[in-house]
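Worksheet for the structure shown next.
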Amino acid sequence: MGTIKDTVSKDVQTQKSGGIVEKSEYNQALSQYNLNITDEEVKAAVTKIIAEKVSENDNLEVKKFLLGSVELTTLSTTDTEEKVLEMVEKVNRFDTEYPDLPHVAALCAYPCFTKLMVDSLEVDGVDITNVTGNFPSSQTFLEVKTIETALAIKDGATHIDIVMPVGKFLSGDYEGVCDTINELKQVCGDVPMKVILETGNLGNASAIKTASLLSMYAGADYIKTSTGKEKISATPESVYVMCQAIKEYYEKTGIQIGLKPAGGINTVMDAVIYYTIVKEVLGEKWLTNYWFRMGTSRLTNLLLSEIIGTETNFF
């Protein structure tokens, strides 16, 4: 995985003796990209994609694909072992009752439930995703974040979702943002790590692109829109900007980064729109249930109902 310290192109990389990277290098990395984008031009691009391309993806095969990209999620203060176990058992039963349909890509919960999920999940190919690092605020000591992440992985988490330190980002402390992300990626090792940008709090398209690039250079394997705990979660515009950042980063580094819209995915059409944006900006290489994930709970029943042609509340 590329980081600020080892992926920035050599023509902008200057290291002090002893291997300490200057703070200015974060800005040097960003200087390779066009951050002078406006909300208006992003809105126009998204409107054009929706008008011209969404209809061709509003079909059964795409909906089956989207079902297989869902990270079935419960992240509530009221979560209990019984509730989490019920979610896992539904995934186990789904594999038997709908053998011709793709199962969800992952189960997502707090790390205190990881061992329960690992012990009760019977379906191969379903990840156990944990939110760590003091989700959803990311406001605690780095030591606490690293310990929580390490314990989640020890218990069997196969994907880790962390929240970018939004406060540090908004105050311009890019070094602090990247150091936190990089430290947690080192804890994750080979376990894929998603960085949640909390795009609804960042203010504009340029800030979303900046946060996307910093997260990728700092070690993110995926970038994710939102925790779902703020007023504004995933939007087509934020996903478009993130896809553009992923594309440009891939063109410069050769490193493929995944995408996870999450929060506020309320309808099947919402999901089809996100699929279409990914297809148009990033292309077919990202249209697998590894590189494209959706964090949601309500969408699974809506997708399943449209696929089988009758309303169902299986999940």
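From Thr199, atom OG1 reaches atom CE of Met164 across 9.5 Å, with rounding to the nearest 0.5 Å. Once rounded to the nearest 0.5 Å, the distance linking CD of Glu306 with CD1 of Ile308 reads 11.0 Å. Going from atom OG of Ser215 over to atom CG of Asp221 covers 11.5 Å, rounded to the nearest 0.5 Å.
Criterion: ILVMFWY side-chain heavy atoms under 4.5 Å apart, direct or through other members. Under it, Phe135 and Ile147 are not part of a common hydrophobic cluster. Hydrophobic clustering places Val54 together with Ile277 (ILVMFWY residues linked when any side-chain heavy atoms are closer than 4.5 Å, directly or through intermediates). Residue Leu151 is not grouped with residue Val163 when hydrophobic side chains (ILVMFWY) are merged at heavy-atom distances under 4.5 angstrom, including chains of intermediate members. Grouping the Ile, Leu, Val, Met, Phe, Trp and Tyr side chains by contacts below 4.5 angstrom, directly or via other members, places Met294 with Ile49. If you chain together hydrophobic residues whose side chains sit under 4.5 Å apart, Ile265 and Leu75 fall into the same group.
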Requested in this report: For Lys209 and Glu248, run salt bridge (charged side-chain N to carboxylate O under 4.0 Å, His left out): C-alpha distance rounded to whole Å, both residues' side-chain angles, the deciding distance at 0.1 Å, then the answer.
Outcome: CA-CA 10 Å; Lys209 188 171 183 180; Glu248 293 176 28; 2.9 Å; yes
Requested in this report: Take Val118 and Asp155 through the test side chain to side chain contact (heavy atoms under 4.5 Å, CB included) and record every step on the way to the result.
Outcome: CA-CA 8 Å; Val118 170; Asp155 277 353; over 6 Å; no
Requested in this report: In sequence, state the C-alpha distance, the side-chain angles, and the governing distance for Thr114 and Lys154, and then conclude on side chain to side chain contact (heavy atoms under 4.5 Å, CB included).
Outcome: CA-CA 9 Å; Thr114 302; Lys154 178 177 178 291; over 6 Å; no
Query raised in the report: Can Glu71 and Thr296 be said to form a side-chain hydrogen bond (donor to acceptor under 3.5 Å, both in side chains), step by step?
Result: CA-CA 6 Å; Glu71 296 205 352; Thr296 182; over 6 Å; no
Requested in this report: Take Leu101 and Lys64, measure what side chain to side chain contact (heavy atoms under 4.5 Å, CB included) needs, and give me the verdict at the end.
Outcome: CA-CA 7 Å; Leu101 295 180; Lys64 288 180 180 179; 3.9 Å; yes
Report task. Walk me through it: do Asp79 and Lys83 pass the test side chain to side chain contact (heavy atoms under 4.5 Å, CB included)? Result -> CA-CA 6 Å; Asp79 283 345; Lys83 180 181 177 182; 3.1 Å; yes
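Not one N or O on the side chain of Glu237 forms a donor-acceptor pair closer than 3.5 Å with the backbone of Asp39. Between the side chain of Lys185 and the backbone N or O of Gly189, at least one donor-acceptor pair lies under 3.5 Å. Side-chain atoms of Asn204 come within 3.5 Å of backbone N or O of Ser206 as a donor-acceptor pair. Proximity of a side-chain donor or acceptor of Asn130 to a complementary backbone N or O of Ile160 within less than 3.5 Å is not detected. A donor-acceptor pair under 3.5 Å is formed between the side chain of Ser226 and the backbone N or O of Ala262.
Considering all non-hydrogen atoms of both residues, Asn266 and Leu302 come closest at O-CD1, 3.2 Å. What you find for Cys108 and Lys260 is that their closest heavy atoms are SG-NZ, 4.5 Å. Of all non-hydrogen atoms in Ala207 and Leu202, the two that sit nearest each other are CB-O, 3.4 Å. Of all non-hydrogen atoms in Tyr240 and Val42, the two that sit nearest each other are CD2-CG1, 3.8 Å. Annotation for Thr132 and Ala152: closest pair CG2-CB, 3.9 Å, computed over non-hydrogen atoms. Contact detail for Val241 and Ile208: the closest heavy-atom pair is CG1-CG2, 3.8 Å.
The number of heavy atoms from other shown groups lying within 6.0 Å of CG (Asn34) is above 12. Atom NZ of Lys48 sits in a sparse spot, with 12 or fewer heavy atoms from other residues, nucleotides or ligands closer than 6.0 Å. Atom CD1 of Ile232 has 12 or fewer heavy atoms from other residues, nucleotides or ligands within 6.0 Å. Summarising the local packing, CD of Glu311 is surrounded by 12 or fewer heavy atoms from other residues, nucleotides or ligands at distances under 6.0 Å. Residue Asn36 places its CG atom among 12 or fewer non-hydrogen atoms of other residues, nucleotides or ligands, all under 6.0 Å distant. Crowding of Lys168 atom NZ: a count of heavy atoms from other residues, nucleotides or ligands under 6.0 Å not exceeding 12.
With sequence neighbours left out, Tyr275 forms a ring pair (Phe, Tyr, Trp, His ring centres under 6.0 Å) with Phe65.
Judged by distance alone, the side chains of Asp173 and Tyr26 never bring a donor and an acceptor atom under 3.5 Å apart. Between the side chains of Thr78 and Ser76, at least one donor N or O lies within less than 3.5 Å of an accepting N or O. Between the side chains of Ser138 and Lys145, a donor-acceptor pair is found at a separation under 3.5 Å. No side-chain N or O of Glu143 forms a donor-acceptor pair with one of Thr146 less than 3.5 Å apart. In this model, no donor atom of one side chain and acceptor atom of the other lie less than 3.5 Å apart for Ser120 and Glu89.
Within the 4.5 Å cutoff, the side chain of Val126 has heavy atoms near those of the His103 side chain. Between Leu197 and Thr225 the shortest side-chain heavy-atom distance does not fall below 4.5 Å. In this structure, the side chains of Thr210 and Tyr174 come closer than 4.5 Å at one or more pairs of heavy atoms. Val84 places a side-chain heavy atom less than 4.5 Å from the side chain of Thr74. Proximity of Trp291 to Val278: side-chain heavy atoms (C-beta onward) are nowhere separated by under 4.5 Å. Side-chain atoms of Pro136 and Val131, non-hydrogen and from C-beta on, never get closer than 4.5 Å to each other. Ile246 is listed as a side-chain neighbour of Leu259, based on a closest heavy-atom distance under 4.5 Å. In this structure the side chain of Val191 never reaches within 4.5 angstrom of the side chain of Thr158, judged on heavy atoms.
Between Tyr249 and Tyr33, the ring center distance fails the sub-6.0 Å criterion.
Residue pairs meeting the ring-ring contact (aromatic ring centres under 6.0 Å, His included) criterion with at least one member in residues 294-315, sequence neighbours excluded, are Phe94-Phe314, Phe94-Phe315, Tyr98-Phe314. Judged as a salt bridge (Lys or Arg N to Asp or Glu O under 4.0 Å), the pairs with a partner in residues 263-292 (not counting sequence neighbours) are, in order, Glu56-Lys279.
Taking 4.0 Å as the cut-off between side-chain N and carboxylate O, Asp119 and Lys115 count as a salt-bridged pair. Asp161 has a carboxylate O that lies under 4.0 Å from a charged side-chain N of Lys224, or vice versa, which qualifies the two as a salt bridge. Between Arg93 and Glu122, none of the side-chain N atoms (NZ, or NE/NH1/NH2) sits under 4.0 Å from a carboxylate O, so this pair counts as no salt bridge.
Ring-plane geometry between Tyr222 and Tyr290 is classed as tilted, the angle between the planes lying from 30 to 60 degrees on a 0 to 90 degree scale.
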